[in-house]
Every structure is written in C-alpha cells, then in structure tokens.
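Working notes, beginning with the structure itself.
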Amino acid sequence: MMVAHKTLPFHTLIEFEYNGKRAVTSVEDRGPSEKSRMFDLGPGVVRVFGFSGVHPVRYRIITQK
C-alpha cells in the first residue's frame, strides 16, 4: 500500500486511521497536486477504508528514511 506526499522522503512509513480501521503505508510518489490535501492515498488504502473521494483521516509517521 502506498501514498503520495509532497516532501516526505520516499519509503517513509505512515499509519493511517479512519473509522477504527488502520493501514500502514509507504510514501512512494509525489503529490497531491491539490494544495488543500496533505496525502493522496493509494488504491490499497482506499479499499481498506472502504471509501472514495476526500475524507479526513488521522495519521502518524512510524519511520522516516
């Protein structure tokens, strides 16, 4: 599972939480292009959370490379 972030180093591990569900992801891309968002969640993360579109999620950085 992957996410995009504008400045975090590639391979940084991040845990996301949404409605009691959690997913650990890795930064593998740059983005999002929309200035109001911090992350673009990859399709695997979206499947775990069961949503589409823009939603507020909690996150914490686990390791930063």
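Heavy atoms only: backbone and side chains are in, while hydrogens, waters and symmetry mates are out. Because the structure is predicted, anything quoted here is derived from the model rather than measured.
Judged as a side chain to side chain contact (heavy atoms under 4.5 Å, CB included), and not counting sequence neighbours, the contacts of P9 are T12, Q64. Every residue was checked against the ring-ring contact (aromatic ring centres under 6.0 Å, His included) condition with F10, not counting sequence neighbours, and none meets it. H11 meets the ring-ring contact (aromatic ring centres under 6.0 Å, His included) test with no other residue; sequence neighbours excluded. The ring-ring contact (aromatic ring centres under 6.0 Å, His included) check on F49 picks up Y18, F51, with sequence neighbours excluded. For E17, the side chain to side chain contact (heavy atoms under 4.5 Å, CB included) partners are R22, R58, not counting sequence neighbours. The side chain to side chain contact (heavy atoms under 4.5 Å, CB included) search around I62 returns L13, E15, V24, R60, not counting sequence neighbours.
T25 pairs in a side-chain contact (heavy atoms from CB on, under 4.5 Å) with only one of the listed residues (V48, I14, L41), which is I14.
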Should E28 and V3 be marked as a side chain to side chain contact (heavy atoms under 4.5 Å, CB included) after you check the CA-CA gap, both sets of side-chain angles, and the distance that decides it? CA-CA 6 Å; E28 300 295 334; V3 297; over 6 Å; no
Can you list the steps and then say if L8 with I61 is a side chain to side chain contact (heavy atoms under 4.5 Å, CB included)? CA-CA 10 Å; L8 285 173; I61 295 174; 4.0 Å; yes
Given F39 and V57, is the side chain to side chain contact (heavy atoms under 4.5 Å, CB included) satisfied, shown in steps? CA-CA 10 Å; F39 296 96; V57 296; 5.9 Å; no
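The hydrophobic cluster around V54 extends to none of the other residues, as no ILVMFWY side-chain heavy atom falls under 4.5 Å of it.
Each salt bridge (Lys or Arg N to Asp or Glu O under 4.0 Å) pair with one or both residues in residues 39-50, not counting sequence neighbours, appears once here: R37-D40.
Put simply, the side chain of R30 never gets that close to the backbone of A4: no donor and acceptor are under 3.5 Å apart.
Between F16 and Y59, the angle of the ring planes lies from 30° to 60°, which puts this pair in the tilted group.
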